[in-house]
2 protein chains.
Amino acid sequence: MKITSRFTVAVHTLLAIHTFEGSDKTTSEFLAASVNVNPVVIRRILQSLKAAGMVEVRAGSGGAHIAKPLEDITLYDVYRAVDCVEGELFHFHEHPNPDCPVGRNVHALLDGRLAAAQTAMENELRRTTLKDLADELPAA
Amino acid sequence: MKITSRFTVAVHTLLAIHTFEGSDKTTSEFLAASVNVNPVVIRRILQSLKAAGMVEVRAGSGGAHIAKPLEDITLYDVYRAVDCVEGELFHFHEHPNPDCPVGRNVHALLDGRLAAAQTAMENELRRTTLKDLADELPAA
DNA sequence: TTTCGTTGTAATAATTGACATTACAGGATG
DNA sequence: CATCCTGTAATGTCAATTATTACAACGAAA
């Protein structure tokens with residue numbers, strides 16, 4: 001099982017807007033060409049990013065723009081914005097047998113550990129900002 | 001997107017074998033009753049655990065047994081054994097536009113960071129052994 | 001104000017993976 | 001050899017992802 005590509009597509013999209021706004025009209029179609037997905041996919045992701053206050057999208061005239069300094073957007077923020085993982089990363093089998101001492105307790109035993117693992121991953125995503133990435137991009 | 005429940009089912013299964021072998025015949029059907037899944041699911045997971053040297057399963061006579069000290073089995077080992085995540089946790093969009101400076105470079109920019117996040121999660125799983133869990137189980 | 005390019009969003013389909021379930025051949029043991 | 005089991009293939013269902021078409025609403029410019 002993999003985390004949906006919405007996440008990497010969203011990061012890609014933000015970097016592309018940053019790179020091209022000013023020189024090009026960053027429409028969903030333009031962005032879709034860089035990412036190589038359907039423009040509708042980009043529009044939906046832009047909606048999520050807009051809801052998170054990261055971009056501004058103009059309805060009629062077209063074009064998306066960065067609405068927040070890149071150094072204030074971490075990979076974790078994007079990950080959250082596009083909702084890659086609803087709630088828990090690990091999937092529990094729902095109905096262990098309550099009449100079994102193991103079944104009755106697995107959930108409690110594991111929950112904390114699994115949450116810690118997920119948090120460790122998420123904290124690692126917090127360490128990178130989009131500015132870090134933009135700075136490493138060769139000049140357009 | 002969630003990581004398959006095979007992982008938590010496998011941990012549950014190992015703990016159940018540990019708890020009941022000696023007092024009960026730990027057949028796939030018996031274990032399935034504790035976890036509350038189909039016995040075939042258990043048999044398939046037992047195959048993975050056997051391949052990883054964690055259990056021994058007897059073909060004709062029935063019953064699974066722990067084949068390795070619980071303190072030598074970490075959550076990470078189980079996670080690996082059942083192959084929750086084939087390779088990379090994060091899913092990349094496969095064909096970004098190579099003619100775009102962003103498309104050409106996103107992969108390289110992100111790969112290291114995403115791998116670090118995944119590793120952080122996996123390292124956290126290494127911190128818990130099945131013995132830790134078994135010790136916290138109320139006596140059968 | 002009409003036109004034109006874009007966004008926002010619904011509807012639909014294709015694809016994929018998980019999990020359940022049935023079925024049965026082939027061990028092991030009394 | 002009769003009886004439990006395991007090992008595994010085949011099939012079905014369900015949910016989530018992504019692609020794609022279609023179109024109403026919107027904004028700016030002619």
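Labels below follow one simple rule: chain letters A, B, ... track the order of the sequence lines, proteins then strands, and each chain is numbered from 1. Fair warning: this is a prediction, and the values are worked out from it, not measured in the lab.
Of the candidate nucleotides D:dC4, D:dT20, D:dT18, D:dT20 has the atom nearest to the side chain of A:N38. For B:K25, the listed nucleotide lying nearest its side chain is D:dC4; candidates were D:dA19, C:dT7, D:dC4. When each of C:dT7, C:dG5, C:dT21 is scored by its nearest atom to the side-chain atoms of B:V40, the top-ranked nucleotide is C:dT21.
Proximity of A:T27 to the phosphate of C:dT6: no side-chain N or O atom is located under 4.0 Å from OP1 or OP2. For the pair B:T4 and C:dC19, the criterion of a side-chain N or O lying under 4.0 Å from OP1 or OP2 is met. The phosphate of D:dA16 (OP1 or OP2) has no side-chain N or O of B:K2 nearer than 4.0 angstrom. Side-chain nitrogen and oxygen atoms of A:S5 include at least one within less than 4.0 Å of the OP1 or OP2 phosphate oxygen of D:dT18. The shortest distance between the side-chain N/O atoms of B:K50 and the OP1/OP2 oxygens of D:dG7 is below 4.0 Å.
Whole-Å rounding puts the B:L49 CG to D:dT6 P distance at 14 Å. At whole-Å resolution of the value, CD in A:E29 and P in C:dT7 are 9 Å apart. Atom pair B:E94:CD and C:dT15:P shows a separation of 17 Å (rounding to whole Å applied). Here the C1' atom of nucleotide C:dT9 and the CD atom of A:Q47 are 9 Å apart, to the nearest Å. Rounding to whole angstrom units, CG of residue A:N36 and C1' of D:dT20 are separated by 15 Å. Between the NE2 atom of B:H91 and the C1' atom of D:dA19 there is a distance of 13 Å, given to the nearest Å. In this structure, A:L46 atom CG and C:dG8 atom P are separated by 7 Å, rounded to whole Å. In this entry the distance linking CD1 of A:I42 with P of D:dT20 reads 13 Å, nearest Å.
Aromatic ring pairs are classed by plane angle as parallel below 30°, tilted from 30° to 60° and perpendicular above 60°; the pair B:F90 and A:F7 is tilted.
Taking for each of A:R6 and A:R58 the nucleotide of DNA chain D with the nearest heavy atom, the 5'-most of the two is the partner of A:R6.
Placement of B:V78 and B:L137 within a single hydrophobic cluster is found when ILVMFWY residues are connected by side-chain heavy-atom separations under 4.5 Å, directly or transitively.
B:R44 comes within 4.0 angstrom of a nucleotide base, judged by non-hydrogen atoms across all strands.
For the pair B:V102/A:H12, a side-chain contact is recorded, criterion being any heavy-atom separation below 4.5 Å from C-beta on.
Salt bridge A:R113/B:E136: present, at least one basic N to carboxylate O contact under 4.0 Å.
For a distance-only test at 3.5 Å, the side chain of B:R43 qualifies as a donor-acceptor partner of the base of D:dT8.
The side-chain contact (heavy atoms from CB on, under 4.5 Å) test with B:V9 singles out one residue from B:L14, B:I42, B:L31, and that residue is B:I42.
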